[in-house]
2 protein chains.
Amino acid sequence: MSSTRREPRSRPETLERRREILRAAMATFGAKGYNKGPLTEIAEQVNMTHAGILHHFGSKNQLLLEVLRYRDESDVAELAEQHIPDGVDLFRHLVRTAFLNADRAGIVQAYAVLSAESVTDDHPARSFFEERYRTLRTEVVEAFRVLCAERGVEAPETVERAAASILAVMDGLQVQWLLDPTAVDLGEASAFAIEAIVAQVLDPRATPVGDTAADEGPGADAPTGQGATT
Amino acid sequence: MSSTRREPRSRPETLERRREILRAAMATFGAKGYNKGPLTEIAEQVNMTHAGILHHFGSKNQLLLEVLRYRDESDVAELAEQHIPDGVDLFRHLVRTAFLNADRAGIVQAYAVLSAESVTDDHPARSFFEERYRTLRTEVVEAFRVLCAERGVEAPETVERAAASILAVMDGLQVQWLLDPTAVDLGEASAFAIEAIVAQVLDPRATPVGDTAADEGPGADAPTGQGATT
DNA sequence: TGCACGTTACAGTCCGGTAAGTAAGTTTGA
DNA sequence: TCAAACTTACTTACCGGACTGTAACGTGCA
C-alpha cells in the first residue's frame with residue numbers, strides 16, 4: 001500500500017505498456033466493477049501475470065486511480081486540440097457527447113459502475129468522483145452564467161440545481177440505457193432533457209407540478225411508492 | 001445454489017426474524033454493495049452466524065433478490081393505504097419522494113449502488129432492475145398521457161424520453177447527493193428538474209441548445225471533453 | 001418423535017500482495 | 001569500446017485472509 005516504486009519508466013516502451021494495462025483495467029473494471037474485477041483478468045489481456053501488473057502500479061488501489069486519471073487526461077488532451085467550450089457551446093458539447101457515448105458502451109459502463117460504487121464505505125475512487133462532479137457542476141454553472149449574460153438576463157439562483165440536474169440526467173440515462181439499450185435512446189433523451197432544463201432556467205414557467213411543489217417540504221404524511229428511491 | 005429450502009416458516013416468529021435479516025442485508029448491501037458486503041456482517045447485525053442466514057435464504061444470491069422484493073412489497077403495502085397516484089399526482093408523488101429520500105440516505109444508497117452494480121456481467125439483480133425501470137417508465141408515460149388529456153392536448157412523442165429523463169435525473173441526483181450532501185439539495189433539485197421536463201412536454205420551446213441539436217447525430221468531428229461519459 | 005432453527009467446524013475458492021529469482025536492458029568507467 | 005555494475009521488467013511460487021457454501025450436530029418447540 002505504501003512502498004510503491006513510482007515513475008521509474010526508464011525504458012521507452014514501458015510507457016506504452018502501462019497504457020495497455022490501463023486500457024485493460026478500464027475494460028474489466030467496467031465489466032465487473034472494481035471490487036469484483038480481478039487483477040488476473042486484467043493481466044491476461046496484456047499477456048502478463050498479475051504480479052507484473054503490481055510491479056507497475058504497486059497496488060490495485062493505485063491502478064484504479066491511475067485508470068481514472070488516464071481517461072481524464074486523454075479526454076483533456078483531445079479537447080485541447082479544440083477550443084474549450086463555454087456558454088451555449090458547453091451544452092451543445094454535452095449533447096454531442098451523449099450521442100457519441102451511445103457507441104462507447106464500455107467506457108460508459110465503467111463510469112456508471114465506478115461512480116456509483118464510489119459512494120460505498122472507504123472506496124478508493126470516492127474523492128475522485130467528488131471532485132469530478134464538483135468541477136463539472138462549476139463548469140455548467142459558468143456556462144449558464146455566460147448564456148444568461150448573452151441574453152441580457154440575470155442568472156437566476158436555479159442555475160446550481162440546473163447544473164446538477166443536467167449531469168444527473170445524463171448519468172441516470174446511461175444506467176437505463178445500459179440495462180436496456182432498446183428502451184432508451186441515449187442521445188435523443190439527453191438532448192431532450194438538457195433542452196428542457198436550459199429552457200426552464202432561461203424562462204421559468206409554473207407547471208401543474210410546481211404549483212404545489214413549491215411549498216412541499218418533508219411533509220408529515222406521505223409514503224414512498226414503488227419508486228421508493230427514484 | 002439450486003437446492004434451497006424455501007418457505008418453511010413453521011414458527012410464527014420466524015417471519016419477523018427473516019424481516020430482520022432482510023433489513024440488515026439492505027444496510028450492508030447499501031453500505032458496501034452486493035459483491036463486497038459479506039454475509040458475516042449481515043449475520044452479526046441480527047446476532048447470528050452467517051450459516052444461520054444461509055439456512056433461511058439458501059444463498060447470498062437469493063438473499064439479494066428477496067431484499068429487493070421485500071422493499072418493493074413494503075412500499076406497495078404503504079401505498080395501498082393511499083390512492084394510486086396517476087396524472088399530475090404521480091409527478092407530485094415523485095417530488096415528495098425526493099424530499100423524503102433526503103432523510104433516508106441508507107435506502108437511497110442501497111438502490112443507487114445496487115442499480116449501477118446490476119449492469120455488470122451476470123449480476124443477480126440485473127433483471128430486477130431492468131423490469132423495475134421498465135415498469136416505472138410505463139407509469140410515468142401513462143401519467144403524461146393523463147395529464148395531456150386533462151389539458152386537452154395530444155401527448156407528444158417526447159413522453160417516452162421525458163419519462164426516462166425524470167427517473168434518470170432522480171437517480172443521478174442521488175449519486176451526487178450521496179457523494180456530497182452539502183453540494184446538492186436532493187428535494188429542490190429534483191423538483192426543479194421534474195418541473196422543467198414536464199413543462200417541456202406540455203409546451204415545447206426551442207432553446208439555443210436545441211436549435212442545432214436537432215440535426216445532431218454521431219457527428220464525424222468531436223472529442224469528448226472532461227465529461228466524457230456524463 | 002420429528003422438524004425447524006440454529007451452531008461449530010470445515011472445505012474450497014479466489015484474490016491481493018510479497019519474495020526471490022531471471023533475463024534482459026541501461027549506465028558507467030577504465 | 002566493452003565489460004562490470006546496476007536497474008527494470010517481468011515470472012513462479014507462495015502466504016494469508018476473506019468469503020461462500022456444506023456437513024454434522026445440538027436444542028427446543030409442536
Side-chain angles (χ1 to χ4, degrees), chain A residues 1-22 24-25 28-29 31-67 117 120-125, chain B residues 1-22 24-25 28-29 31-67 117 120-125:
Chain A
M1 186 75 83
S2 52
S3 65
T4 61
R5 34 234 167 300
R6 312 281 24 274
E7 323 284 328
R9 209 173 305 171
S10 66
R11 301 184 210 185
E13 72 262 28
T14 298
L15 207 139
E16 182 50 34
R17 203 87 173 90
R18 281 170 61 94
R19 280 198 279 259
E20 278 179 52
I21 297 170
L22 291 172
T28 92
F29 289 158
K32 304 190 172 183
Y34 172 74
N35 286 316
K36 220 196 173 183
L39 287 177
T40 51
E41 182 180 305
I42 297 166
E44 70 191 15
Q45 289 178 72
V46 294
N47 296 314
M48 214 184 265
T49 62
H50 86 278
I53 306 277
L54 289 171
H55 166 74
H56 283 289
F57 295 94
S59 72
K60 188 186 180 188
N61 202 313
Q62 188 62 28
L63 173 61
L64 172 61
L65 296 179
E66 297 214 27
V67 165
E117 193 176 312
T120 58
D121 298 349
D122 298 322
H123 195 282
Chain B
M1 187 75 80
S2 53
S3 66
T4 61
R5 32 243 178 286
R6 314 276 25 275
E7 322 285 329
R9 208 173 306 172
S10 64
R11 302 185 210 185
E13 73 261 28
T14 298
L15 206 138
E16 181 51 34
R17 203 89 173 89
R18 282 172 60 96
R19 280 198 279 260
E20 278 180 53
I21 297 170
L22 291 171
T28 92
F29 290 157
K32 304 191 173 183
Y34 173 73
N35 285 317
K36 221 195 171 185
L39 288 175
T40 52
E41 183 180 304
I42 297 166
E44 70 191 16
Q45 289 178 73
V46 294
N47 295 315
M48 212 183 267
T49 62
H50 85 278
I53 307 275
L54 289 171
H55 166 75
H56 283 288
F57 295 95
S59 73
K60 189 187 179 187
N61 201 315
Q62 188 63 27
L63 173 61
L64 172 61
L65 296 179
E66 297 215 26
V67 165
E117 193 176 310
T120 58
D121 298 350
D122 298 323
H123 196 282

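Chain letters run A, B, ... following the sequence lines, proteins first, then strands; residues in each count from 1. Basis for what follows: all heavy atoms, side chains included, without hydrogens, waters or symmetry-related copies. Here the structure is a predicted model, which is why all the values come from computation and not from measurement.
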What one should report as the nearest heavy-atom pair of A:T120 and B:A31 is CB-O, 3.2 Å

B:F57 has an atom CZ; how far is it from atom P of C:dG6, in whole Å?
11 Å

Yes or no on side chain to side chain contact (heavy atoms under 4.5 Å, CB included) for B:E66 and B:I21, after CA distance, side-chain angles and deciding distance?
CA-CA 10 Å; B:E66 297 215 26; B:I21 297 170; over 6 Å; no

Can you measure from NE2 (B:H56) to CG (B:L54) and round to the nearest 0.5 angstrom?
10.5 Å

Without swapping roles, check the side chain of A:K60 against the backbone of A:Y34 for a donor-acceptor pair under 3.5 Å.
yes

A:R19 vs A:L15, side chain to side chain contact (heavy atoms under 4.5 Å, CB included): CA-CA, chis, key distance, verdict:
CA-CA 6 Å; A:R19 280 198 279 259; A:L15 207 139; 2.8 Å; yes

Nucleic acid contacts of residues 37-44 of chain A, taken as heavy-atom distances under 4.0 Å to DNA chain C
A:G37, A:P38, A:L39

Could you pull out all residues at least two apart from B:Q45 that satisfy side-chain contact (heavy atoms from CB on, under 4.5 Å)?
B:A24, B:A27, B:T28, B:E41

CD of B:Q62 versus P of D:dT22: gap in Å, rounded?
13 Å

Of all residues at least two apart in sequence or in a different chain, which pass the salt bridge (Lys or Arg N to Asp or Glu O under 4.0 Å) check with A:E13?
none

Between protein and nucleic acid, restricted to nucleotides 25-28 of chain D and to nitrogen or oxygen atoms under 3.5 Å apart, what atom pairs and distances do you find?
| from | atom 1 | to | atom 2 | distance (Å) |
| --- | --- | --- | --- | --- |
| D:dG28 | N2 | B:R11 | NH2 | 3.4 |

For B:F57 and B:R18, the nearest pair of non-hydrogen atoms, with its separation, is CE2-NH2, 3.7 Å

Please give, in whole Å, the distance from C:dC15 P to B:K36 NZ?
15 Å

Bending between helix ends of the helix from C:dT1-D:dA30 to C:dA30-D:dT1 [5 pairs per end, 10° resolution]
0°

Got a sec, which pairs hit salt bridge (Lys or Arg N to Asp or Glu O under 4.0 Å) with one end in residues 47-58 of chain B, sequence neighbours left out?
none

What is the distance, rounded to the nearest whole Å, between atom CG of A:N35 and atom C1' of D:dT20?
16 Å

In this structure, how many angstroms lie between the C1' atom of D:dT8 and the CZ atom of A:R18, rounded?
13 Å

Rounding to a whole Å, what distance do you find between A:N61:CG and C:dG17:C1'?
13 Å

Value in whole Å for how far the P atom of C:dT18 lies from CG of A:L54
8 Å

Given side chains that start at C-beta, do those of B:L63 and B:L22 come closer than 4.5 Å, heavy atoms only?
yes

Under the side-chain contact (heavy atoms from CB on, under 4.5 Å) test, residues paired with A:A125 that sit two or more places apart:
A:L64, A:L68, A:S118, A:H123, A:F129

Tell me if a side-chain donor or acceptor on A:E117 pairs with a main-chain N or O of A:G33 at a distance below 3.5 Å.
no

How long is the line joining CG of A:L63 and P of C:dG16, in whole Å?
10 Å

In chain order, what residues pass the side-chain contact (heavy atoms from CB on, under 4.5 Å) check against A:R17, with sequence neighbours excluded?
A:E20, A:V46, A:M48

Using the 3.5 Å cut-off, write out each protein N or O paired with an N or O of nucleotides 11-13 of chain C and the distance between them.
none

Holding to ring pair (Phe, Tyr, Trp, His ring centres under 6.0 Å), I want the full list of residues that pass it with A:H50, two or more places apart in sequence or in another chain.
none

Non-neighbouring partners of B:K36 that pass salt bridge (Lys or Arg N to Asp or Glu O under 4.0 Å), sequence neighbours left out
none

Can you name the atoms? Protein N/O to nucleotides 10-16 of chain D N/O, anything below 3.5 Å, with the distance.
| from | atom 1 | to | atom 2 | distance (Å) |
| --- | --- | --- | --- | --- |
| D:dC10 | OP2 | A:H56 | NE2 | 2.8 |
| D:dT11 | OP1 | A:T49 | N | 3.4 |
| D:dT11 | OP2 | A:T49 | N | 3.0 |
| D:dT11 | OP2 | A:T49 | OG1 | 2.6 |

